[in-house]
Amino acid sequence: MPKKETDFFERVYQVAELIPRGRVTSYGAIANYLGSYRGARMVGWAMNKCSSWHRFVPAHRVVNSKGVLTGKHHFPGGETMSELLRNEGVKLMDNQIINFQEVFWDPSKELL
DNA sequence: CCGATGACTTGAA
DNA sequence: CTTCAAGCCATCG
């Protein structure tokens, strides 16, 4: 299996697409699943590139460790991310997920 | 190769 | 509560 430059992204996107509807996860959780939580920045960066990716990526289901929609500023409009999550049953308040612990989805545990 | 950037995280002041 | 600092890793010019 020859590795590609996009292999890292592919793993991130793959995990992102595995996130169940109405659930969310953190950049650190994905990074941790990939090997190191320190790669959280790369996860976020991969999300930035998701706009240029060839397929849809539920980046709106990915938040930071606080459950805050840090990436909403990168979505079109301004409430796109919030509306998407609300549409999935996620309760938000001031760009923060209220029941974060309830909807939190850890790939390293759920996909164990 | 080097420097800068980034949707992160943790901890300390 | 807010703000700063350091760590970490991949990509780009």
Side-chain angles (χ1 to χ4, degrees):
Chain A
M1 279 292 285
K3 70 176 184 177
K4 302 175 181 178
E5 309 90 44
T6 56
D7 187 32
F8 186 89
F9 297 154
E10 193 172 317
R11 290 184 237 178
V12 176
Y13 301 142
Q14 184 175 334
V15 175
E17 291 189 66
L18 289 173
I19 301 174
R21 180 179 176 282
R23 294 293 197 89
V24 295
T25 189
S26 63
Y27 302 94
I30 297 175
N32 184 22
Y33 178 71
L34 297 179
S36 301
Y37 77 97
R38 305 183 258 285
R41 313 186 75 164
M42 276 68 266
V43 176
W45 187 61
M47 290 294 135
N48 188 323
K49 295 283 291 200
C50 84
S51 300
S52 302
W53 199 239
H54 58 89
R55 65 196 289 168
F56 171 74
V57 180
H60 60 274
R61 293 181 184 152
V62 184
V63 297
N64 66 358
S65 60
K66 301 294 191 299
V68 181
L69 284 58
T70 52
K72 75 166 296 177
H73 299 286
H74 297 264
F75 276 80
E79 296 298 322
T80 306
M81 189 173 185
S82 302
E83 290 300 313
L84 285 170
L85 290 173
R86 283 183 176 280
N87 188 26
E88 297 186 354
V90 179
K91 293 175 171 53
L92 304 177
M93 179 180 286
D94 192 25
N95 300 333
Q96 185 170 350
I97 297 173
I98 300 174
N99 54 345
F100 182 51
Q101 296 181 50
E102 298 178 23
V103 299
F104 181 69
W105 182 80
D106 190 346
S108 64
K109 290 184 170 63
E110 300 294 335
L111 300 179
L112 183 58

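Labels below follow one simple rule: chain letters A, B, ... track the order of the sequence lines, proteins then strands, and each chain is numbered from 1.
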- Message: Let me confirm one number: the NZ-CZ distance from A/Lys49 to A/Phe9, rounded to the nearest 0.5 Å.
- Response: 6.0 Å
- Query: Hey, does A/Tyr27 have a side-chain heavy atom less than 4.5 Å from the side chain of A/Thr70?
  - Reply: yes
- Query: Could you give the CH2-to-P distance, from A/Trp45 to B/dT9, as a whole number of Å?
  - Reply: 18 Å
- Does the side-chain contact (heavy atoms from CB on, under 4.5 Å) test come out yes or no for A/Trp105 and A/Leu111, once each step is laid out? CA-CA 10 Å; A/Trp105 182 80; A/Leu111 300 179; 3.8 Å; yes
- Between A/Leu34 (CG) and C/dC8 (P), how many Å, whole number? 17 Å
- Does a side-chain heavy-atom distance below 4.5 Å link A/Leu69 with A/Ile97? yes
- Message: Without decimals, in angstroms, what is the distance between A/Lys66 NZ and C/dC1 P?
- Response: 10 Å
- Task: Select base, sugar-phosphate, or nothing to describe what A/Lys72 touches, counting heavy atoms under 4.0 Å on all strands.
- Result: nothing
- CE of A/Met47 versus P of C/dA10: gap in Å, rounded? 16 Å
- Query: Are side-chain heavy atoms of A/Ile19 and A/Val62 found at a separation under 4.5 Å?
  - Reply: yes
- Task: Assess whether salt bridge (Lys or Arg N to Asp or Glu O under 4.0 Å) is satisfied between A/Arg23 and A/Glu88, documenting all intermediate values.
- Result: CA-CA 8 Å; A/Arg23 294 293 197 89; A/Glu88 297 186 354; over 6 Å; no
- Query: Roughly, in whole Å, what's the span from CZ in A/Phe8 to P in C/dT11?
  - Reply: 8 Å
- Query: Are A/Lys91 and A/Val103 side-chain neighbours, meaning at least one heavy-atom pair lies under 4.5 Å?
  - Reply: no
- Within the structure, does a side-chain N or O atom of A/Lys49 lie under 4.0 Å from either OP1 or OP2 of C/dA10? no
- Message: With rounding to the nearest 0.5 angstrom, report the OG to NE2 distance, A/Ser52 to A/His54.
- Response: 11.5 Å
- Message: Can you tell me how far apart CG (A/Leu85) and OG1 (A/Thr80) are? Round to the nearest 0.5 Å.
- Response: 11.0 Å
- So does A/Ser36 get a side-chain nitrogen or oxygen closer than 4.0 Å to the phosphate oxygens (OP1/OP2) of C/dC8? no
- Task: Can you sort out which residues in residues 79-109 of chain A have a heavy atom within less than 4.0 Å of DNA chain B? Ascending by number, please.
- Result: none
- Message: Base, sugar-phosphate or nothing for A/Asn64? Non-hydrogen atoms, less than 4.0 Å.
- Response: sugar-phosphate
- Task: Using whole Å, report how far CG of A/Asn32 lies from C1' of C/dC8.
- Result: 14 Å
- Message: Nearest 0.5 angstrom please: A/Leu84 CG to A/Arg61 CZ, how far?
- Response: 9.0 Å
Produce the list of close N/O pairs, under 3.5 Å, pairing protein atoms with atoms of nucleotides 3-7 of chain C; give distances to one decimal.
unit_1	atom_1	unit_2	atom_2	d
C/dG7	O6	A/Arg41	NH1	2.7

- Query: Contact class for A/Ala59 (heavy atom, under 4.0 Å): base, sugar-phosphate, or nothing?
  - Reply: base
- Message: Can you measure A/His74 atom NE2 to B/dT5 atom P for me and round it to whole angstrom units?
- Response: 15 Å
- Would one find a side-chain N or O of A/Thr70 under 4.0 angstrom from OP1 or OP2 of B/dC8? yes
- Separation between NE2 (A/His60) and CG (A/Asn87), nearest 0.5 Å, reads 8.5 Å
Would you list the protein and nucleotides 11-13 of chain B atom pairs, both N or O, that sit under 3.5 Å from each other?
none

- Answer with base, sugar-phosphate or nothing: what part of the nucleic acid does A/Gly28 contact at a heavy-atom distance below 4.0 Å? sugar-phosphate
- d(A/Ser26 OG, A/Phe100 CZ) to nearest 0.5 Å is 5.5 Å
- What's the CD1-C1' distance between A/Ile30 and B/dA7, to the nearest Å? 11 Å
